[in-house]
Enquirer: 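Questions regarding the structure given below will be posed in turn.
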Amino acid sequence: MTSWIYSMEKANNVTEFIFWGLSQNPQVEAVCFLVFSFFYTVILLGNSVIMLTVCLGHLFKSPMYFFLFFLSFVDICFSSVTAPKMIIDLLVKTKTISYGGCMMQVFGVHFFGCTVIFILTVMAYDRHVAICKPLHYMTIMDQQKCNKMLLGTWVGGFLHSIIQVTLVVQLPFCGPNEIDHYFCDVHPVLKLACTYTYVVGAVMTANSGTIALCSFVILLISYAVILVSLRKQSAEGRRKALSTCGSHIAVVIIFFGPCTFMYMRPDTTFSEDKMVAVFYTIITPMLNPLIYTLRNAEVKNAMKKLWRRKVFWDANGK
């Protein structure tokens with residue numbers, strides 16, 4: 001793929017792109033540097049803690065925590081595609097990225113972003129089975145099926161992103177090369193192509209928009225069915241289910257709201273796009289560990305046990 005991108009780069013007059021970034025004001029950039037450095041640190045630490053808790057707490061046998069582990073992993077990858085570059089760019093005057101780096105960013109954003117969408121959809125299905133068919137839960141959600149569904153999320157994300165990159169990389173870029181954004185995404189990059197891009201833009205919107213909209217609708221229907229079925233549960237069962245589903249619904253709204261705004265529209269760009277993109281590339285990956293730990297008693301208990309075990313080992317010099 002890298003050699004393919006390089007050959008297309010040689011065919012273009014543009015060998016690099018220049019980002020406008022989040023702001024042109026040095027004082028605002030200094031504040032943003034501190035804020036987003038903190039956010040990215042929270043993303044790395046928070047999601048790493050969840051992954052360690054699931055592994056060391058032996059929670060992998062539970063499908064919900066199996067998918068939560070990989071959601072945290074993909075969140076780290078997803079934010080790492082854009083956040084480090086954005087944070088570094090806040091310290092420099094000219095924010096550049098090579099043509100190949102730009103295409104890799106487009107691929108990474110859509111690969112990991114689409115994978116997050118599919119994992120959230122699978123997690124909603126898991127909760128649907130757990131609450132609506134509790135007696136058959138372990139039979140339906142056995143390890144083999146979980147592995148297949150996880151593989152499907154990665155394959156689906158790859159197919160989606162390779163389509164996006166294939167459509168972008170074949171376009172000629174002859175200048176200008178300034179992108180009013182802080183990372184390479186399909187809409188701002190298409191705006192710079194020196195050819196007619198309506199058809200390409202429509203295909204991209206159909207591709208991304210269909211995935212986002214269909215997944216969002218499936219999630220809403222799934223959680224609606226779950227909420228209706230809770231009437232048959234005991235008070236304790238309803239409380240526990242609502243706590244778990246409430247955290248899932250919060251993640252879905254925070255993630256899918258901005259995604260729908262960005263990709264369920266024609267090939268146009270708005271000044272608000274950069275701030276909207278911050279929500280699904282940085283804010284959501286940062287909030288996921290907080291939402292899933294603070295609203296989930298089992299994860300909190302596993303963390304407490306691991307912390308007590310660490311304190312015990314340290315006290316005994318082990």
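Owing to the predicted nature of the structure, the values given are computational and were not obtained by experimental measurement. Side chains are part of it too, since the values below use all heavy atoms of this structure and drop only hydrogens, waters and symmetry mates.
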Enquirer: Does the gap between the ring centers of Phe78 and Phe111 come in under 6.0 Å?
Expert: no
Enquirer: State, to 0.1 Å, how close Ile162 and Leu159 come at their nearest heavy-atom pair, and which atoms those are.
Expert: CG2-O, 3.3 Å
Enquirer: What I want to find out is whether Asp180 reaches Lys191 closely enough, with some N-O distance under 4.0 Å, to be called a salt bridge.
Expert: no
Enquirer: Quick check on the hydrophobic clustering: are Ile253 and Ile211 connected, directly or via other members, by side-chain heavy-atom contacts under 4.5 Å?
Expert: yes
Enquirer: To the closest 0.5 Å, what do you measure between CD1 (Ile140) and NE2 (His128)?
Expert: 8.5 Å
Enquirer: With sequence neighbours excluded, tell me which residues meet side-chain hydrogen bond (donor to acceptor under 3.5 Å, both in side chains) with Asn147.
Expert: Gln143
Enquirer: Side-chain heavy atoms under 4.5 angstrom apart, residues restricted to Ile, Leu, Val, Met, Phe, Trp, Tyr: same cluster for Leu91 and Val28?
Expert: no
Enquirer: Does any pair with a residue in residues 28-54 pass ring pair (Phe, Tyr, Trp, His ring centres under 6.0 Å), and if so which ones, sequence neighbours excluded?
Expert: Phe36-Phe39
Enquirer: Any pair with a residue in residues 74-89 that passes salt bridge (charged side-chain N to carboxylate O under 4.0 Å, His left out), sequence neighbours left out, goes on the list, sorted by first then second residue, please.
Expert: Lys85-Asp89
Enquirer: Are any non-hydrogen side-chain atoms of Pro285 and Ile76 less than 4.5 angstrom apart?
Expert: no
Enquirer: With Asp185, which residues qualify under side-chain hydrogen bond (donor to acceptor under 3.5 Å, both in side chains), at least two apart?
Expert: His110, Tyr263
Enquirer: Which residues pass the side-chain hydrogen bond (donor to acceptor under 3.5 Å, both in side chains) test with Lys145, sequence neighbours left out?
Expert: Tyr125
Enquirer: Assess the side chains of Tyr137 and Asp126: does a donor N or O sit below 3.5 Å from an acceptor N or O?
Expert: yes
Enquirer: How far does CG of Leu171 sit from OG1 of Thr166, to the nearest 0.5 angstrom?
Expert: 11.0 Å
Enquirer: Please enumerate all residues that pass disulfide (SG to SG under 2.5 Å) together with Cys259, with sequence neighbours excluded.
Expert: none
Enquirer: Identify the heavy atoms of Leu44 and Ser80 that sit nearest to each other, and give their distance.
Expert: CD2-OG, 4.4 Å
Enquirer: Report the C-alpha distance between Leu150 and Val122 in whole Å, list the side-chain angles of each, state the deciding distance to 0.1 Å, and finish with yes or no for side-chain contact (heavy atoms from CB on, under 4.5 Å).
Expert: CA-CA 8 Å; Leu150 180 66; Val122 169; over 6 Å; no
Enquirer: Rounded to the nearest 0.5 Å, what separates atom NZ in Lys61 from atom CE in Met138?
Expert: 9.5 Å
Enquirer: Looking at CE of Met51 and CG of Leu56, how far apart are the two atoms once the value is rounded to the nearest 0.5 Å?
Expert: 11.0 Å
Enquirer: Using only atom types and a distance under 3.5 Å, with no angle test, would you say the side chain of Asn207 pairs donor to acceptor with the backbone of Ile163?
Expert: no
Enquirer: Nearest 0.5 angstrom please: Thr82 OG1 to Ile282 CD1, how far?
Expert: 5.5 Å
Enquirer: Students often mix this up, so state it plainly: with edges at 30° and 60°, are the rings of Phe158 and Phe107 parallel, tilted or perpendicular?
Expert: perpendicular
Enquirer: Between Ser98 and Gly101 (side chain of the first, backbone of the second, donor and acceptor by atom type, cut-off under 3.5 Å), is there such a pair?
Expert: yes
Enquirer: Hey, could you give me each pair passing side-chain hydrogen bond (donor to acceptor under 3.5 Å, both in side chains) that has a residue in residues 214-226? Not counting sequence neighbours.
Expert: Tyr223-His248
Enquirer: Would you say that Phe255 contacts Val116 through its side chain, given a criterion of any heavy-atom pair below 4.5 Å between the two side chains?
Expert: yes
Enquirer: Report yes if the distance between the aromatic ring centroids of Phe69 and Phe60 is under 6.0 Å, otherwise no.
Expert: yes
Enquirer: Which pair of heavy atoms, one from Ala193 and one from Thr197, lies closest together, and at what distance?
Expert: CB-CG2, 3.8 Å
Enquirer: Check whether any side-chain heavy atom of Met86 sits under 4.5 Å from a side-chain heavy atom of Phe19, and report yes or no.
Expert: no
Enquirer: Applying the 4.5 Å side-chain criterion to the ILVMFWY set and letting contacts propagate, would Val165 and Val203 be lumped into a single cluster?
Expert: yes
Enquirer: Going by atom types alone, do Asp273 and His181 pair a side-chain donor with an acceptor below 3.5 Å?
Expert: no
Enquirer: Taking the side chain from Thr284 and the backbone from Phe279, do they hold a donor-acceptor pair closer than 3.5 Å?
Expert: yes
Enquirer: Decide yes or no for Ser72 and Asn288: does some side-chain heavy atom of the first lie under 4.5 Å from some side-chain heavy atom of the second?
Expert: no
Enquirer: Is any side-chain heavy atom of Tyr99 closer than 4.5 Å to one of Met104?
Expert: no
Enquirer: Is it true that Ile254 and Met275 fall in one hydrophobic cluster, defined by side-chain heavy atoms closer than 4.5 Å?
Expert: yes
Enquirer: Who pairs with Cys194 by disulfide (SG to SG under 2.5 Å), at least two apart in sequence or on another chain?
Expert: Cys174
Enquirer: Would you call Val278 and Leu22 a side-chain contact if the rule is heavy atoms closer than 4.5 Å?
Expert: yes
Enquirer: So for atom CH2, which belongs to Trp154, do other residues, nucleotides or ligands contribute more than 12 heavy atoms lying within a distance under 6.0 Å?
Expert: yes
Enquirer: Establish whether Leu45 and Leu34 are linked, either directly or via other cluster members, by ILVMFWY side-chain heavy-atom contacts under 4.5 Å.
Expert: no
Enquirer: Checking side chain to side chain donor-acceptor pair (under 3.5 Å) for the pair Ser23/Tyr182: CA distance, chi angles, key distance, verdict?
Expert: CA-CA 9 Å; Ser23 173; Tyr182 64 89; over 6 Å; no
Enquirer: Would you check if Cys102 and Val189 make a side-chain contact, meaning some heavy-atom pair closer than 4.5 Å?
Expert: yes
Enquirer: Under the disulfide (SG to SG under 2.5 Å) test, which residues partner Cys114, sequence neighbours left out?
Expert: none
Enquirer: What pairs with Cys77 under side chain to side chain contact (heavy atoms under 4.5 Å, CB included), at least two apart in sequence or on another chain?
Expert: Phe73, Phe112
Enquirer: Roughly how far, to the nearest 0.5 Å, is the CE atom of Met286 from the CD1 atom of Ile43?
Expert: 7.0 Å
Enquirer: Identify the heavy atoms of Thr115 and Thr153 that sit nearest to each other, and give their distance.
Expert: OG1-O, 3.8 Å
Enquirer: Can you check whether Phe70 and Phe66 have ring centres sitting under 6.0 Å from each other?
Expert: yes
Enquirer: Any chance you could lay out the side-chain contact (heavy atoms from CB on, under 4.5 Å) test for Ile179 and Trp20, step after step, and finish with the verdict?
Expert: CA-CA 6 Å; Ile179 299 176; Trp20 286 13; over 6 Å; no
Enquirer: State, with a plain yes or no, whether a side-chain heavy atom of Met141 is found less than 4.5 Å away from one of Met149.
Expert: yes
Enquirer: Tell me every residue that passes side chain to side chain contact (heavy atoms under 4.5 Å, CB included) with Ala212, counting only those two or more places apart in sequence or in another chain.
Expert: none
Enquirer: Kindly determine whether Cys184 and Met103 satisfy side-chain contact (heavy atoms from CB on, under 4.5 Å), including the steps that lead there.
Expert: CA-CA 7 Å; Cys184 288; Met103 295 303 106; 5.8 Å; no
Enquirer: Just to verify, what does Ser208 make a side-chain hydrogen bond (donor to acceptor under 3.5 Å, both in side chains) with, not counting sequence neighbours?
Expert: Gln164
Enquirer: Whether Glu29 and Lys95 form a salt bridge (side-chain N of Lys/Arg under 4.0 Å from carboxylate O of Asp/Glu) is what I want to check.
Expert: yes
Enquirer: Is the Phe216 to Phe256 ring centre distance short of 6.0 Å?
Expert: yes
